[in-house]
There are 2 protein chains.
Amino acid sequence: MPGFQGPRLKDVAEKANVSLSAASRILRGERQRFGAETCDRVLDAARQLGWRRNLLVNGMQTGRTRTIGVMIPPFDSFWVDVLAGIHIVLASADYLPITVWVGDCQEMPHFEKDEDEGFKQISRLLDRRVDGLILWPSFAVAYYDHFRELLERKVPVAVIDHEYSEDQIADSIETDEAASARAVAEHLVNLGHRDIACLSSREAAWQAWAVRRRECFEQAVEELGGGKVRSWRLNAWGTDGLEIAREILSQNPRPTAVFAVTDHEARYLYETAIEMGLEIPQDISVVGFADLDFAATMRPALTTMRQRPREIGRRAAQLILDRLDGDMAESPPTTIRVGADLIVRKSTARPPK
Amino acid sequence: MPGFQGPRLKDVAEKANVSLSAASRILRGERQRFGAETCDRVLDAARQLGWRRNLLVNGMQTGRTRTIGVMIPPFDSFWVDVLAGIHIVLASADYLPITVWVGDCQEMPHFEKDEDEGFKQISRLLDRRVDGLILWPSFAVAYYDHFRELLERKVPVAVIDHEYSEDQIADSIETDEAASARAVAEHLVNLGHRDIACLSSREAAWQAWAVRRRECFEQAVEELGGGKVRSWRLNAWGTDGLEIAREILSQNPRPTAVFAVTDHEARYLYETAIEMGLEIPQDISVVGFADLDFAATMRPALTTMRQRPREIGRRAAQLILDRLDGDMAESPPTTIRVGADLIVRKSTARPPK
DNA sequence: CCCGCGTGTTAAACTAGTTGAACGGGAAGC
DNA sequence: GCTTCCCGTTCAACTAGTTTAACACGCGGG
């Protein structure tokens with residue numbers, strides 16, 4: 001029961017009254033060997049029948065499906081924008097991304113729990129013979145072992161927001177953490193803050209960016225004369241945001257500014273501030289990171305580092321395309337660092353006297 | 001140069017020392033014809049070599065790629081959640097959605113402008129022989145002509161948020177506009193509002209929901225004794241939101257409540273209210289629609305109808321699966337109406353005296 | 001009359017399997 | 001000694017083309 005699959009090349013050839021191979025050549029663009037009239041006949045026949053090239057066959061023959069697998073968490077607007085960048089670049093190269101999502105939309109996935117499900121997703125991509133893969137760090141770490149297979153199959157892989165420090169086995173595209181953290185530090189120190197806290201995220205192995213963002217920030221503040229940063233982090237499941245925020249804001253002396261490593265953590269600080277009757281930014285300054293879609297509409301509007309997710313997506317896609325048929329097919333893995341921009345809104349001010 | 005594609009079945013057969021057809025049968029699950037020891041040998045060999053089924057070949061042979069094309073605008077959290085619902089259902093059936101995006105992330109696409117690009121996207125899906133399609137209305141209307149091809153190819157199509165009134169040629173999954181509009185009307189009329197305005201969106205042909213939402217609301221308010229609704233709508237490009245909002249709030253007498261057909265339009269009303277020094281909800285009540293991710297964090301928090309995008313996505317995916325191998329393969333197109341829930345927040349109150 | 005050129009044809013091999021039919025050899029049962 | 005079963009083999013056809021090689025036909029020029 002192979003359902004009707006549309007007209008075959010054979011149908012086109014018959015309608016145009018030419019041989020199968022002539023039809024194939026003409027439709028592939030090899031026109032010069034044939035008369036103009038014949039070409040027109042074949043092209044017309046194909047159009048009239050609504051024939052379309054079967055990319056499955058093409059894929060079998062050339063080993064290229066013009067398809068790139070993408071695995072991201074469907075978590076927030078950052079990832080949606082990354083995806084947008086990927087789509088734009090791939091579409092213009094006549095490639096198609098196939099996206100699989102790990103985890104739930106409501107919360108950052110816990111890859112440890114979903115290992116099987118995640119690997120099934122990757123399998124679905126490999127079974128369809130994607131030409132390349134763009135992955136978020138979770139897979140890269142949780143399935144480090146499976147990377148062997150990807151390398152053996154020579155499927156180029158780009159990992160977003162995660163760099164392997166020791167043995168880099170795949171390309172990496174990430175936010176420039178050092179420069180970004182320094183920009184935040186400068187902003188706060190310049191405002192006069194000398195007692196600054198940092199609220200980090202879950203610092204799981206596959207959240208290397210969280211660790212680096214915090215460490216870079218701590219270092220930058222100290223270098224700029226802002227004193228020693230007091231740092232907290234969420235638990236492994238990310239469930240204690242409000243409690244940690246309460247702990248930070250209850251310190252005595254209370255820090256005058258808090259850097260949240262993402263806008264999500266900044267939200268906990270906002271909620272806790274309302275709870276405790278503290279005014280942002282009069283009593284405490286808050287800086288976020290990412291400029292997620294809700295950051296601008298928070299009250300007060302959140303000062304945050306705007307990442308460039310679209311550029312990250314674009315660069316990742318371009319890297320895969322270059323590896324596939326560019327000159328860099330064989331060059332060693334690289335790391336691309338994408339900048340971020342400080343967006344000063346209403347949540348930061350000079351420290352209270 | 002057909003790049004290395006991983007081990008072939010031939011390699012597995014050789015390693016296990018069996019014939020090609022035996023390997024094929026065993027790996028397909030036809031075990032009873034073979035000895036347990038032979039089966040193990042083949043399975044082991046496949047595992048050790050990392051062999052994986054080539055779905056391209058499968059697709060060619062069976063005419064089924066276990067792949068569903070999805071076309072949506074990457075616009076707001078509504079569509080992200082629809083996508084989430086689709087992914088969940090398809091993943092559990094071992095299908096994979098391939099998503100193409102039309103337009104830009106920042107704004108609702110204008111399909112009229114991008115007709116070529118949009119059709120290229122659909123082509124990319126059909127060229128890869130997707131088994132079914134889930135489309136947003138834009139395509140359904142702009143490319144009405146191309147629907148012929150989809151029907152001929154017997155590719156089941158589900159359209160989200162758009163019902164053809166005359167000749168329904170595809171399945172449709174949409175929000176229950178009549179019930180939802182009535183819920184909003186009841187809420188406002190019960191609060192005592194008797195002079196209610198409606199701010200509709202662009203009412204393009206492919207935004208049938210906007211028209212119906214407005215009309216249902218007008219009718220419901222009148223039936224409930226809330227008087228005659230005064231309605232406005234955005235221009236064809238959706239660029240005059242603030243101007244229209246200003247016009248509404250400058251009316252004399254000013255309506256005491258405004259129903260915005262989506263949360264996006266509610267935003268214009270909020271901005272304009274600040275501009276004009278009006279307090280929400282003391283001076284004017286505002287109701288949105290969709291409960292997009294920013295609705296809860298607006299100040300005051302927006303009262304809105306929460307659509308069920310995930311359910312819409314799930315139902316759409318399920319419908320496609322049922323059409324593919326269920327009993328309803330041949331039944332006529334249906335329309336599924338999904339409910340919505342009124343979320344009362346802080347933007348509605350009794351009308352000012 | 002033969003050569004070469006422009007067109008186009010046929011046949012075969014190839015992508016990676018899947019599937020049906022026929023068949024073969026050893027062992028057990030009768 | 002014959003039949004039957006079990007286990008497995010080989011062969012061929014099939015999915016939808018792509019590509020190479022060899023070849024054929026008619027026309028114009030020499």
Side-chain angles (χ1 to χ4, degrees), chain A residues 1-43 45-46 49-67 126-131 153, chain B residues 1-43 45-46 49-66 126-129 131 153:
Chain A
M1 52 183 71
F4 177 59
Q5 284 300 296
R8 290 139 192 59
L9 185 61
K10 196 176 57 136
D11 305 321
V12 175
E14 273 167 19
K15 179 162 178 125
N17 232 336
V18 293
S19 70
L20 208 66
S21 86
S24 174
R25 282 161 218 263
I26 288 167
L27 286 167
R28 296 236 105 198
E30 200 186 311
R31 307 268 159 80
Q32 64 281 18
R33 287 194 38 176
F34 298 91
E37 198 263 342
T38 316
C39 288
D40 288 351
R41 238 169 46 235
V42 172
L43 264 37
L49 290 172
W51 180 80
R52 31 178 88 246
R53 169 153 293 112
N54 188 331
L55 278 190
L56 299 180
V57 176
N58 257 262
M60 263 184 56
Q61 291 174 339
T62 63
R64 290 286 172 83
T65 52
R66 304 195 77 78
T67 294
L126 293 177
D127 287 351
R128 282 167 182 81
R129 297 301 191 264
V130 293
D131 294 334
R153 285 176 186 266
Chain B
M1 53 182 66
F4 178 61
Q5 283 301 295
R8 290 139 193 58
L9 185 60
K10 196 176 57 135
D11 304 322
V12 176
E14 272 165 21
K15 178 161 179 126
N17 231 336
V18 294
S19 69
L20 207 66
S21 87
S24 172
R25 281 161 220 261
I26 287 168
L27 286 167
R28 295 236 104 198
E30 201 186 311
R31 307 267 160 81
Q32 63 281 18
R33 288 192 39 177
F34 300 90
E37 198 263 341
T38 316
C39 288
D40 288 351
R41 240 173 38 238
V42 172
L43 264 35
L49 290 172
W51 180 81
R52 30 178 88 245
R53 169 153 294 111
N54 188 330
L55 279 189
L56 300 179
V57 176
N58 258 262
M60 262 184 56
Q61 291 174 339
T62 64
R64 290 287 172 83
T65 52
R66 305 194 76 79
L126 293 177
D127 287 351
R128 282 166 182 80
R129 296 302 192 263
D131 294 335
R153 285 175 185 267

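By convention in this document, chain letters (A, B, ...) are assigned in the order of the sequence lines, proteins followed by strands, and residues within each chain are numbered from 1. Atom set for the values below is all heavy atoms of this structure, side chains included, hydrogens, waters and symmetry mates excluded.
- Note on B:W51: a side-chain N or O is less than 4.0 Å away from OP1 or OP2 of C:dG17.
- Between B:R28 and B:V57, the residue anchored closer to the 5' end of DNA chain C is B:V57, taking for each the nucleotide with the nearest heavy atom.
- Comparing D:dT9, D:dG8, D:dT19 by their closest approach to the side chain of B:T38 singles out D:dG8.
- Both A:L20 and A:Q32 sit near DNA chain C, but only A:Q32 has its closest nucleotide nearer the 5' end.
- Take B:R28 and apply the side chain to side chain donor-acceptor pair (under 3.5 Å) test, not counting sequence neighbours, and it matches B:N58.
- Of all nucleotides listed (C:dT9, D:dT19, C:dT18), C:dT9 comes nearest to the side chain of A:V18.
- With sequence neighbours excluded, the residues satisfying salt bridge (Lys or Arg N to Asp or Glu O under 4.0 Å) with A:R52 are B:D127, B:E149.
- Nearest heavy atoms, A:R153 versus B:G50: NH2-O, 2.7 Å.
- One atom, CZ of A:R8, and another, P of D:dC14, lie 13 Å apart when rounded to the nearest Å.
- The distance between atom CG of B:L56 and atom P of C:dC14, rounded to the nearest whole Å, is 20 Å.
- B:K10 places its NZ atom 16 Å from the P atom of D:dT9, with the value rounded to the nearest Å.
- Look at CG on A:L55: it is 14 Å from C1' on D:dT18, rounded to the nearest Å.
- An end-to-end axis angle of 60° holds for the helix from C:dC1-D:dG30 to C:dC30-D:dG1, taken from five base pairs per end and rounded to 10°.
- Rounding to the nearest 0.5 angstrom, the gap separating the CG atom in A:D131 from the OG1 atom in A:T67 is 6.5 Å.
- Proximity of a side-chain donor or acceptor of B:R31 to a complementary backbone N or O of B:I26 within less than 3.5 Å is detected.
- For A:N58, no side-chain nitrogen or oxygen approaches OP1 or OP2 of D:dA16 to under 4.0 Å.
- At whole-Å resolution of the value, CG in A:N17 and P in C:dT10 are 11 Å apart.
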Using a 3.5 Å cut-off and no angle test, enumerate the donor-acceptor pairs between side-chain atoms of residues 10-25 of chain A and protein atoms at least two apart in sequence or in another chain.
unit_1, atom_1, unit_2, atom_2, d
A:D11, OD2, A:R8, N, 2.8
A:K15, NZ, A:Q48, OE1, 3.2
A:S19, OG, A:A22, N, 3.2

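- Listed nucleotides D:dG17, D:dT18, D:dT15 differ in distance to B:Q61; the shortest reach to its side chain belongs to D:dT15.
- Protein atom CD of B:E14 is 13 Å distant from nucleotide atom P of C:dG17, rounded to whole Å.
- Closest contact between the side chain of B:S19 and the listed nucleotides D:dT18, D:dT9, C:dT18 involves D:dT9.
- In this structure, CG of A:L9 is placed 13 Å from C1' of D:dT19, rounded to the nearest angstrom.
- Checking side-chain atoms of A:T65 against main-chain N and O of A:R129 turns up a donor-acceptor pair under 3.5 Å.
- Considering only side-chain atoms of A:M60, the nucleotide from D:dT9, C:dT15, C:dT18 that sits closest is C:dT15.
- If you measure from atom CD of A:E30 to atom P of D:dG17, you get 17 Å, rounded to the nearest angstrom.
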Write out a two-atom table: protein N or O, nucleotide N or O from nucleotides 21-29 of chain D, distance below 3.5 Å.
none

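- To the nearest 0.5 Å, atom CG of residue B:L55 and atom CD of residue B:Q61 are 11.0 Å apart.
- If you take CZ on B:R33 and OG1 on B:T38, they are separated by 12.5 Å, rounding to the nearest 0.5 Å.
- For B:F34, the listed nucleotide lying nearest its side chain is D:dG8; candidates were C:dT9, D:dG8, C:dG17.
- Regarding contacts with the backbone of C:dT18, a side-chain N or O of B:S24 is found under 4.0 angstrom from either OP1 or OP2.
- For A:R41, the side chain to side chain donor-acceptor pair (under 3.5 Å) partners are A:E37, not counting sequence neighbours.
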